[in-house]
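Chain letters run A, B, ... following the sequence lines, proteins first and then strands; every chain starts at 1.
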Amino acid sequence: MKYAFFVGCTVLSRLPGYEKSARKVAEKLGVELVDMPGSSCCGTTYMETLDRKTALALAARNIAIAEEMGLDIVTVCNGCTENLTKTNKALKEDPALRAEVNEILRETGKQFKGTVEVKHYVRMLKEDVGLDKVKAASVKPFKELKVGAHYGCHLLKPSDEMLFEDPNDPKVLDDLIRATGAESVDYPGKTECCAGPVMGIREKVTWNVGMDKVQTVKKYADAMATCCPFCYITYERCQFMTETNPNLPVVHIPQLLGLAMGLTADEVGLSTNKVDASALLAKQEA
Amino acid sequence: MAQSEIRITNEGKEFRNEVMATHGADKLMHCYQCGTCTSDCPVAKRVPEFRPRNIARLAIYGQKDRLLDGDLVWLCAGCYTCYERCPQKVHVSEIVSALRQLALREGKIHPTIKSIVTTIPKHGYISEIGEFENEMRADDGLPPAPTPATEEIKAIVKKTGILGRVGGA
Ligand code: SF4
Ligand code: SF4
C-alpha cells in the first residue's frame, strides 16, 4: 500500500509528534507514505469561505501533484481532508467547474484530471489496512486505560460530501482505540466541535468550548485522543489558559497506536505533547 | 416587534438575492425559523449575539449592516452542525460563507482572516515553513517540509484576484 502523504500546514509546522507517529505507524503496517513535492496549503476553511474558486484551485493543484505521482492521497488533518475531498468530488462531477478551475491553474502547468481518491489517515487504516491488522500489530497493548475519542467535524461533515461514517454516531476512532487494548469511553458531547476556527476571532470562546470538553472527558477517561491538528491544539492549549489546569493528556491517535505497536515514547514524539502524557506508558503490558 | 412587521427595502432585496446567488446559499427562503440550528450550534451556546436562526432571518430581510458590521459572520466555527440538522436544508454554514464573501466585497474582512489569506501566496502555507522550521523538523527526526511552489500559488491568486479584493496585493 502506497499513498501520497499530504501533511498540511499546521501539522508540518507545529505538531511533530503527530507527523512522526503517523509516519512510524504507517511503516509498522507496511504502508508507504510518499511526500508530495511542491505541495502547499490546501486552502481549507479561511480561503474556502472567502473565495470558493481560489480554494478549489489550491486544492486541485495539490490533488494534481498526487495524480502525477499516480497515488491516492492520505491526510492527517480534518480540514485538509474536507477541502480536498469536496474539491475532488466537485471537480470530478462537474466538467464545467473542472474546466474553469483548470483554466485558473493553466500557468502552474498542473491540471486536475480526477484520477485519485482522498482519505484521512484513520479512514485509510480502517478501510484499506483493516482493524484486524491494526489490532494484530498491537503487541504491547494498553491495560486499564480509558480514552475519550474526539472526532472533530470535518472528518465526517458535511456528510453528503464526506460520505464516511454517521456524524452523530461515528466509529472509527473508537475502533482504533479499542485495537490498542484501551477502553474507548462514551461521554456527553462526544461529537461536538472544538471551535478552533474561532480562536483567531474571539480566543476566549475557543478556550471555553475546549475546557468544557476537557472537563467532561476527565470525568470519564485518563486521556483524550484526536485526529485533527486544530482540535488537538484547542484541547491542549485551553488547559493552560485557566489557573486550575486539569492536566488531561491529549494524544494524536497514531501516538496511541504506535505505543501499542511497541514503538518507544521518542518514536511517537510523546515529549512534544504539552500536557505530559507519559502516564500512558505505565498502562502498557510489559 | 413581531417578525412579520419587518419590511424589506429594495436594497435589502438586492442584498438577499446576492446572498442566495452564492454557492450553497440558494435555499435561504426555505427557512421557517424553527431554531434547530441555534439550539445545536457550539458557538451560540457561548456567544449570546451569535444566533444562526437570527442570521438566517436577517439575511431573509436583507439586513446588510446588521449582518456585516462587527465580527458576527466571522464567529462561525464552520462545524456544519446546522448544515446536518436543518430540516429545510437551508445550510446556515453556507449562508455565513456567502456573507463573508459579501463582507469582503464591502472591505469588511476580519484582520485575522486577512493575515492568514495573504500569507498563503507568500509562503505557500498559512505560516512560514523555512530554514528555521526545517531545522526543528530535523531535530524531531522529520524530513524537510515540501518546498511549496509559491510562484504557482501566486499565479493562482493573481488569476482569481483574491488578493486585490482582500487588500493584500
Ligand atoms: S434549522 Fe434551518 S429552518 Fe430551522 S431556523 Fe435554522 S436555518 Fe431555519
Ligand atoms: S457551522 Fe457555524 S453556525 Fe452552523 S452550527 Fe457550526 S458554528 Fe454554528
Could you look at [X] and say if it's the side chain, the backbone, both or neither that has a heavy atom under 4.5 Å from chain B?
X	result
A:N168	side chain
A:T10	side chain
A:P158	both
A:S271	neither
A:R23	side chain

Do you know which of [options] has the most heavy-atom pairs with chain A at a distance under 4.5 angstrom?
options	result
B:P143, B:A145, B:G141, B:S127	B:P143
B:P42, B:C79, B:G24, B:A149	B:C79
B:I129, B:L75, B:V47, B:V117	B:L75
B:H110, B:E133, B:E94	B:H110
B:R100, B:R46, B:Q101	B:R46

Worksheet entry | Under 3.5 Å: donor-acceptor pair, side chain of A:K274, backbone of A:R237 |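 Judged by distance alone, no pair lies under 3.5 Å.
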Worksheet item: Hey, does the side chain of B:R137 reach the backbone of B:L142 with a donor-acceptor pair shorter than 3.5 angstrom?
Response: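 Not at all, since once roles are kept as given, no pair shorter than 3.5 Å links the two residues.
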Can you tell which part of [X] gets under 4.5 Å to a heavy atom of chain A, answering side chain, backbone, both or neither?
X	answer
B:I120	side chain
B:T22	neither
B:I126	both

Worksheet entry | Minimum heavy-atom distance A:L71-A:V116, with the two atoms named | O-CG1, 3.2 Å
Worksheet item: Taking all atoms of both residues into account, what is the closest heavy-atom pair of A:F6 and A:S39, and its distance?
Response: CE1-CB, 4.2 Å
Practice prompt. Answer yes or no: are there more than 12 heavy-atom neighbours, outside B:M136 itself, under 6.0 Å from its atom CE?
Written response: no
Worksheet item: More than 12 non-hydrogen atoms from neighbouring residues, nucleotides or ligands closer than 6.0 Å to CD on B:E11, yes or no?
Response: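 No, the 6.0 Å shell around CD holds no more than 12 heavy atoms from other groups.
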Worksheet item: Looking only at heavy atoms, which of residues 104-112 of chain A get nearer than 4.5 Å to chain B?
Response: A:I104, A:L105, A:R106, A:E107, A:T108, A:K110
Worksheet entry | chain B contact residues among residues 194-204 of chain A, heavy-atom distance under 4.5 Å |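 Listed by number, the contacting residues are A:A195, A:P197, A:V198, A:G200, A:I201, A:R202.
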Say you draw a straight line from [atom1] of [X] to [atom2] of [Y]; how long is it, rounded to the nearest 0.5 Å?
X	Y	atom1	atom2	value
B:Y80	A:S159	OH	OG	11.5 Å
B:L104	B:I109	CG	CD1	5.5 Å
B:K122	B:S115	NZ	OG	8.5 Å
A:L15	A:Y232	CG	OH	6.5 Å
A:T87	A:N62	OG1	CG	9.5 Å
A:S21	A:L270	OG	CG	9.0 Å

Choice from [options] maximising heavy atom contacts with chain B below 4.5 Å:
options	answer
A:G8, A:C153, A:S40	A:S40
A:V7, A:V209, A:L156, A:T206	A:V209
A:M47, A:R61, A:K20	A:R61
A:T191, A:D160, A:N208	A:D160
A:M36, A:E82, A:K53, A:E19	A:E19
A:E267, A:E103, A:E48	A:E103

Worksheet item: So, are A:E192 and B:K45 salt-bridged, with charged N and O less than 4.0 Å apart?
Response: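 A salt bridge is present here (some side-chain N lies under 4.0 Å from a carboxylate O).
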Discussion item. For A:N273 and A:Q255, which I'm curious about, is there any donor-acceptor pair between the side chains at under 3.5 Å?
Written reply: yes
Worksheet item: Among side-chain atoms of A:T54 and B:T160, is any donor-acceptor pair under 3.5 angstrom?
Response: yes
Fill in: A:F164/A:H120 aromatic ring centres below 6.0 Å
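Between A:H120 and A:F164, which both carry aromatic rings, the centre distance is not below 6.0 Å.
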Worksheet item: Of the options A:L155, A:V25, A:V31, which is the one that meets A:Y121 in a side chain to side chain contact (heavy atoms under 4.5 Å, CB included)?
Response: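 Testing each of A:L155, A:V25, A:V31 against A:Y121, the sole residue satisfying side chain to side chain contact (heavy atoms under 4.5 Å, CB included) is A:V25.
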Discussion item. Parallel, tilted or perpendicular, judged at 30° and 60°: which one describes the rings of A:Y18 and A:H252?
Written reply: parallel
Worksheet item: Aromatic rings A:H150 and A:Y235: how do their planes relate, parallel, tilted or perpendicular, breaks at 30° and 60°?
Response: perpendicular
